[in-house]
Amino acid sequence: MTTDQDLTMDGQSAAAVFAAKGIDVTTTKDRGVIKVVKHQGLNGERPMIGDRVTVHYTGKLLTGEKFDCSRDRKEALCFNVGKGQVLKAWDIGVLSMQMGEVCSFLCKPEYAYGFNGNPEKIPPNSLVVFEMELLMFEGEILTDDSGIVRRIKVKGDGYTNPNDGSRVEVHLEGRCGGRLFDCRDVSFIVGEAEDKGVPLGVDRAMDKMQKGECCSLYLKPKYGFGREGKPEYKIGPDSDIIYEVTLKSFERAKETWEMDLPEKLDLAAGVKHKGNQYFKGGLYYQAVIQYQRIISWLEMECGFGIEQQKRIQSFLLTAHLNLALCFLRIKDFSQAVDNCNKVIELDKSNEKALYRRGEARLLRNEFPMAMEDFQQVLRVNPANRAAHGQLLLCQTKIKEHHERDKKTYANMFQKFAERDTKIGKTKRRSQDCPS
């Protein structure tokens, strides 16, 4: 182990320390990044490609002159390692570290600031030294709700990824509580993995993977086997699971711009049918994927002639209406409202869109707006009994809300009055005391 003093000598001495005690951490072993450990980290895992890491660092020239320091700014740096977000030397070096480790890296120009350097701080073609402390790391979060977390064990090749509709060949190993419950090679269509008993989380991670990649996916119940679990695998309700996935090969589906309109319309019919199947089976997230594919294909299309225009509008209306229904089922009421609005832009008197928007607003406690929607439904179809019932429910909810407000304010004013009475008594007592 070296000390700070070992690495703050003149350039020649510092380079000698790295040469004598350093380890080459490059994959090519070209001594482009040499590491010297200053403080050992905790024994255990190291970061994997794609992990979110947090570090403190200090950058110095070989002369010892400091040119950058996160501690001076009192702000640690976060980045996804191995993604090209930082210097090449950092992507390589951090993968060799353990939690809490402090080390120094001697970096050749091609791994740091290159031949030109940095005009303000780094002379051309300079070796630089970075001292780094790995504060923490965690897997790459693939979804907004943190329901899918990926840790890449083997990086894939190339720059393309599967898209929805791609056919993929994968090897799967599923574990729950350390127990292996699924191990197989399987082929499926991205967006339709459920047909082969593959969890939603594996399906949704496909568009982030490259050929040859092997990763571990940490899935929350929503992206695993949900509230029901998987009895044939002896997986209980609401269980977290881990899938190790190797993407062996894939064949991408055509992108929107690669298809003409007749092809899109033909495909839309089959995708709509698949979405309806998923919806009827209670697989609402899977249904959403299908309906969104239709919208991505057709929302920018105009069509040639009245017949094509009618088919496009029919598919878009149905897709948005069905999405609104899916989002109501999964309690994403904002998305339900947004999709109803899309329908109403195309057909302002659409009874289903007005009713479903009213339902979503009612469930968001937006009672006056919900009432307005149900009233519009009744103007379109006075015989809609469900809308009559919802309108009465809105009126009841508004009345209950007003009653609660009255009680709240009454209690509040009572407390204010009691406080004022106490203050008045205190003042009178103080005035009765001798001065």
**Student:** Is it the case that the side chains of Tyr355 and Asn350 hold a donor-acceptor pair, with the cut-off being a distance below 3.5 Å and no angle test?
**Tutor:**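 Not at all, the side chains of Asn350 and Tyr355 share no donor-acceptor pair under 3.5 Å.
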**Student:** For the pair Phe327 and Val288, evaluate side-chain contact (heavy atoms from CB on, under 4.5 Å) and give the outcome as yes or no after the intermediate values.
**Tutor:** CA-CA 8 Å; Phe327 287 123; Val288 164; 4.1 Å; yes
**Student:** Count the heavy atoms of every other residue, nucleotide or ligand shown that sit under 6.0 Å from NZ of Lys264, and state whether that count exceeds 12.
**Tutor:**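 Buried by this count: over 12 neighbours within 6.0 Å.
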**Student:** Looking only at the side chains, is there a donor atom on one of Ser349 and Arg379 sitting less than 3.5 Å from an acceptor on the other?
**Tutor:**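 Their side chains do not contain a donor-acceptor pair, so the 3.5 Å distance test is not met.
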**Student:** Mark yes or no: Lys35 above the aromatic ring of Phe105, with NZ or CZ under 6.0 Å from the six-membered ring centre and no more than 45 degrees from the axis.
**Tutor:**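 The answer is no, since Lys35 fails at least one limit relative to Phe105.
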**Student:** Between Arg204, Gln292, Arg293, which is the residue that forms a side-chain hydrogen bond (donor to acceptor under 3.5 Å, both in side chains) with Asp164?
**Tutor:**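 The single option meeting the side-chain hydrogen bond (donor to acceptor under 3.5 Å, both in side chains) with Asp164 is Arg204.
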**Student:** When rounded to the nearest 0.5 angstrom, what distance separates CG in Leu323 from CG in Leu328?
**Tutor:**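 Those atoms lie 11.0 Å apart.
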**Student:** Is any side-chain heavy atom of Lys108 less than 4.5 Å from a side-chain heavy atom of Ile34?
**Tutor:**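 Answer no - side chains too far apart.
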**Student:** With no hydrogens and no angle check, just 3.5 Å: does a side-chain donor-acceptor pair link Gln210 and Asp157?
**Tutor:**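 No, no side-chain donor-acceptor contact under 3.5 Å.
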**Student:** Does the side chain of Glu169 reach to within under 4.5 Å of the side chain of Phe250, using non-hydrogen atoms?
**Tutor:**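 Glu169 does not reach Phe250 side chain to side chain.
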**Student:** Does a side-chain N-to-carboxylate-O contact under 4.0 Å join Arg46 and Glu101?
**Tutor:**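 Glu101 and Arg46: not salt-bridged.
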**Student:** Arg179 versus Lys234: any side-chain heavy-atom pair under 4.5 Å?
**Tutor:**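 Result yes, sub-4.5 Å side-chain heavy-atom pair found.
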**Student:** Check whether any side-chain heavy atom of Ile241 lies under 4.5 Å from a side-chain heavy atom of Pro199, and answer yes or no.
**Tutor:**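 When only atoms from C-beta onward are counted, Pro199 and Ile241 do touch, with a gap below 4.5 Å.
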**Student:** Here's one to test your reading of the geometry: is the NZ or CZ of Lys274 within 45 degrees of the ring axis of Tyr278 and under 6.0 Å from its centre?
**Tutor:**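 Cation-pi check for Lys274 and Tyr278: passes.
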**Student:** Does Ile122 offer a backbone N or O that forms a donor-acceptor pair with the side chain of Ser126 under 3.5 Å?
**Tutor:**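 No, Ser126 side chain to Ile122 backbone: no donor-acceptor pair under 3.5 Å.
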**Student:** Which residue in the set Lys155, Arg150, Lys208 passes side-chain hydrogen bond (donor to acceptor under 3.5 Å, both in side chains) when paired with Glu213?
**Tutor:**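 Exactly one candidate clears the test, Arg150.
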**Student:** Is it true that Ser187 and Arg167 share a donor-acceptor pair across their side chains at a distance under 3.5 Å?
**Tutor:**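 Yes, because at least one side-chain N or O of Arg167 sits under 3.5 Å from a partner of the opposite role on Ser187.
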**Student:** If I compare all heavy atoms of Val337 with all of Arg364, which pair ends up nearest, and what's the gap?
**Tutor:**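 Closest approach of Val337 to Arg364: CG2-NH2, 3.8 Å.
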**Student:** Does a donor on one side chain and an acceptor on the other come within less than 3.5 Å for Tyr223 and Asp145?
**Tutor:**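 Asp145 and Tyr223 do have a side-chain donor-acceptor pair below 3.5 Å.
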**Student:** Can you confirm whether Lys220 is buried at NZ, in the sense that more than 12 heavy atoms of other residues, nucleotides or ligands lie under 6.0 Å from that atom?
**Tutor:**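 No - once you tally the heavy atoms of other residues, nucleotides and ligands closer than 6.0 Å, there are 12 at most.
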**Student:** Is the side chain of Thr143 donor-acceptor paired with the backbone N or O of Ile148 at a distance under 3.5 Å, no angle test?
**Tutor:**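 Yes; at least one donor-acceptor contact below 3.5 Å.
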**Student:** Do the non-hydrogen side-chain atoms of Asp240 and Tyr218 ever get within less than 4.5 Å of each other?
**Tutor:**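 In short, these two side chains do not touch, never coming nearer than 4.5 Å.
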**Student:** Roughly how far apart are Asn381 CG and Glu351 CD, rounded to 0.5 Å?
**Tutor:**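 That separation rounds to 4.0 Å.
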**Student:** Checking Asn80 against Glu140: is there a side-chain donor and acceptor pair closer than 3.5 Å?
**Tutor:**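 Their side chains do not contain a donor-acceptor pair, so the 3.5 Å distance test is not met.
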**Student:** Which of these passes side chain to side chain contact (heavy atoms under 4.5 Å, CB included) with Val86: Val81, Asp91, Val55?
**Tutor:**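 Of the listed options, the one satisfying the test is Asp91.
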**Student:** Mind running side chain to side chain donor-acceptor pair (under 3.5 Å) on Asn339 and Tyr291 for me, showing each step along the way?
**Tutor:** CA-CA 11 Å; Asn339 278 281; Tyr291 300 136; over 6 Å; no
**Student:** Taking atom types as modelled, find out whether Asp182 and Tyr243 have a side-chain donor-acceptor pair closer than 3.5 angstrom.
**Tutor:**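 Short answer, yes.
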**Student:** Mind checking what makes salt bridge (Lys or Arg N to Asp or Glu O under 4.0 Å) contact with Glu194, not counting sequence neighbours?
**Tutor:**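 Glu194 satisfies salt bridge (Lys or Arg N to Asp or Glu O under 4.0 Å) with no residue once adjacent residues are dropped.
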**Student:** Flag the pair Gln376 / Glu372 as yes when at least one side-chain heavy-atom distance between them is below 4.5 Å, and no otherwise.
**Tutor:**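 They are in side-chain contact.
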**Student:** So Phe115 and Pro124, do their side chains get closer than 4.5 Å, heavy atoms only?
**Tutor:**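 No - every pair of side-chain heavy atoms lies 4.5 Å or more apart.
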**Student:** Could you check whether Lys66 pairs with Asp72 (Lys NZ or Arg NE/NH1/NH2 to Asp/Glu carboxylate O, under 4.0 Å)?
**Tutor:**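 Yes, this pair counts.
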**Student:** Quick check: are there more than 12 heavy atoms from other residues, nucleotides or ligands sitting under 6.0 Å from CD1 of Ile306?
**Tutor:**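 No, because the 6.0 Å sphere around CD1 of Ile306 holds 12 heavy atoms or fewer from other groups.
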